[in-house]
Trainee: 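The structure that follows is given in the form of structure tokens.
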Number of protein chains: 2
Amino acid sequence: MPISEEIRRLLRYRICLEKFKRFGWETTFSYTIGKESGVSSEQIRKDFSQFKIEGHKKGGYNINEILAKINQIFRKDITNYFVIMGMGNIGEALINYPGFEKHNIKIAGAFDIDPVKIKKKYRVPIYHMDMLPEIVKKYKVKIAVIAVPAIAAQEVCYYLIDCGIVGIMNFSPIILKTPDSVNVYNIELIPVLEGLIYHSNN
Amino acid sequence: MPISEEIRRLLRYRICLEKFKRFGWETTFSYTIGKESGVSSEQIRKDFSQFKIEGHKKGGYNINEILAKINQIFRKDITNYFVIMGMGNIGEALINYPGFEKHNIKIAGAFDIDPVKIKKKYRVPIYHMDMLPEIVKKYKVKIAVIAVPAIAAQEVCYYLIDCGIVGIMNFSPIILKTPDSVNVYNIELIPVLEGLIYHSNN
DNA sequence: TAGATTGTTAATCGATTAACAATC
DNA sequence: TAGATTGTTAATCGATTAACAATC
């Protein structure tokens, strides 16, 4: 069950609409969003129709209305928590990444097994992995990031699922085995670079 | 021009095949790769056929042969260089990321405009952005990672294109404007998390 | 009104899946 | 040989694109 293209496009539109809002615009047209987002205007109207976002014939769409609807679709009214497994380079970068809070997403905690890392002070509490069930329960966490070494990734993945995690963003370069009910999104750094290199040669 | 699914699947197969090799296997079947990679065996045979990877009826595929062919497709015989724009959290994480060299990919240099960051010692040389054309020329760089703040991303993107970059991995949360000839892959951290959250609620 | 824009329905396209002949 | 597996061709499916009626 991958993240649908439709959902990703909605979030692309949001980026454009926020830009338009900064321009001081109040309304816009499917064609205008299309030019900014690189999506065809027909596709945009179809997506909007699917999610019951209504426009005005000739008058276009009210920017605040679309944004409100998108925020509603993504339940931005409540804070969503996620956890980070592994405090290596990537885990550390994510902890310092600004912009989660702007979208009402918060890190409930980060987890490692190295006592040195657990002791270090960060913007977010670092726990031993044994603490995971407790934190998941406390913050009703459904989403996790796997940023542990490849060798440990599958084991951590099983542990996450046991703890009730249903969505995983995976930075490790392995193919995780998960039940169908769990949604995995792989951040494939090496494959993306190799793909770009491939296209640059062809 | 996005990275094709076919190309990404090939790299998925590689992960599986390298695992099989560690098991000591010499041959395998489309069905076996399928079970490991989560891709259907028909799809795998079709992909192999497309890239002229041949098997033996009843005997399956020779693992080393497929790996050699994949390495040939991705030109792993030569070292491919890329540059990193921006030495924030993500730029720093990438510099310390192990595994690029294993795939014969190297960071030609990282670039920033902050003199403090340029002076700091890392595993990779850090240059002022003015040095970009020189390094691109020296290492024949075609690929860049954008890891600068959102506000600077578009400008850096134009600069990269001027310097001859044709493939971009973009970590900034904006939609880059590029000519069709340039291949952009967006690492959408926030949209992925929001997508996972959406699916966990639906 | 005439022109512009939405929103829906139909057509197209490409990618995936199924089927099966070839053959080891 | 019989059974298993490849490799290709045909069928299906879903997503995108085109067309156009509705209407402001």
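All heavy atoms count here, side chains included; hydrogens, waters and symmetry mates do not. Proteins come first, then strands; the chains are lettered A, B, ... in the order of their sequence lines, and each starts at number 1.
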Trainee: Once you apply a heavy-atom cut-off of 4.0 Å, does F48(B) come out as touching a base, just sugar-phosphate, or nothing?
Mentor: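 Nothing, no nucleic acid heavy atom in range.
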
Trainee: Exactly one of R75(B), K76(B), R8(B) should register a salt bridge (Lys or Arg N to Asp or Glu O under 4.0 Å) with E194(A). Which one does?
Mentor: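 Single salt bridge (Lys or Arg N to Asp or Glu O under 4.0 Å) partner of E194(A) among R75(B), K76(B), R8(B): K76(B).
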
Trainee: Only one of L94(B), I146(B), I84(B) clears side chain to side chain contact (heavy atoms under 4.5 Å, CB included) with F171(B); which?
Mentor: L94(B)

Trainee: I want to check one thing: is the phosphate of dT8(C), taken as OP1 and OP2, less than 4.0 Å away from some side-chain N or O of S49(A)?
Mentor: yes

Trainee: Would you kindly give the CZ-to-P distance between F29(B) and dT6(D), to the nearest whole Å?
Mentor: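 In whole Å, dT6(D) P and F29(B) CZ are 7 Å from each other.
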
Trainee: For R45(A) and dA19(D), what is the distance between atoms CZ and P respectively, to the nearest whole Å?
Mentor: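 Distance, rounded to whole Å: 13 Å.
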
Trainee: Can you tell me the pairing partner of dC24(C) across any strand shown, Watson-Crick or G-U wobble, with both distances under 3.5 angstrom?
Mentor: dG3(D)

Trainee: Could you let me know what dT16(D) is paired to, Watson-Crick or G-U wobble, both distances under 3.5 Å, or none if it's on its own?
Mentor: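 WC or wobble partner is dA11(C).
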
Trainee: From NZ of K57(A) over to P of dC20(D), roughly how many Å is that when rounded to an integer?
Mentor: 17 Å

Trainee: Which one, dG7(C), dT16(C), dT6(D), comes nearest to the side chain of S30(B)?
Mentor: dT6(D)

Trainee: Kindly say if R9(A) contacts the phosphate of dA15(D), meaning a side-chain N or O under 4.0 Å from OP1 or OP2.
Mentor: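 No, outside the criterion.
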
Trainee: How is E6(A) classified with respect to the nucleic acid when contacts are heavy atoms under 4.0 Å: base, sugar-phosphate, or nothing?
Mentor: nothing

Trainee: Using whole Å, report how far CD of E42(A) lies from C1' of dA11(C).
Mentor: 13 Å

Trainee: Suppose we call a contact any N or O donor and acceptor under 3.5 Å apart; does that hold for the side chain of K46(B) and the base of dT17(C)?
Mentor: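 Answer is yes: a donor-acceptor pair is held.
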
Trainee: Taking NE2 from H56(B) and P from dC24(C), how many angstroms apart are they, rounded to a whole number?
Mentor: 11 Å

Trainee: Could you check how far CG of D47(A) sits from P of dT8(C), rounded to whole Å?
Mentor: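 For the pair D47(A) CG and dT8(C) P, the rounded distance is 13 Å.
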
Trainee: What does G59(B) touch in the nucleic acid at a heavy-atom separation under 4.0 angstrom: a base, only the sugar-phosphate, or nothing?
Mentor: nothing

Trainee: Tell me the interatomic distance from I44(B), atom CD1, to dA18(C), atom P, rounded to whole angstroms.
Mentor: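 Interatomic distance, CD1 of I44(B) to P of dA18(C): 14 Å.
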
Trainee: For A93(B) and N89(A), work out which heavy atoms get closest and say how close.
Mentor: CB-O, 3.5 Å

Trainee: Quick one, Y61(A) with F48(A), criterion side chain to side chain contact (heavy atoms under 4.5 Å, CB included). Give me CA distance, side-chain angles, the key distance, then yes/no.
Mentor: CA-CA 10 Å; Y61(A) 298 87; F48(A) 283 1; 3.5 Å; yes

Trainee: Considering every strand and a 4.0 Å limit on heavy-atom distances, what is the contact class for S41(B): base, sugar-phosphate, or nothing?
Mentor: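 Nothing, no heavy atom under 4.0 Å.
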
Trainee: Which listed nucleotide (dA18(D), dG7(C), dC24(D)) is nearest to the side chain of K58(A)?
Mentor: dC24(D)

Trainee: Decide whether N62(A) and T27(A) meet the rule of one side-chain donor and one side-chain acceptor closer than 3.5 Å.
Mentor: no

Trainee: Without decimals, in angstroms, what is the distance between R8(B) CZ and dA15(C) C1'?
Mentor: 16 Å

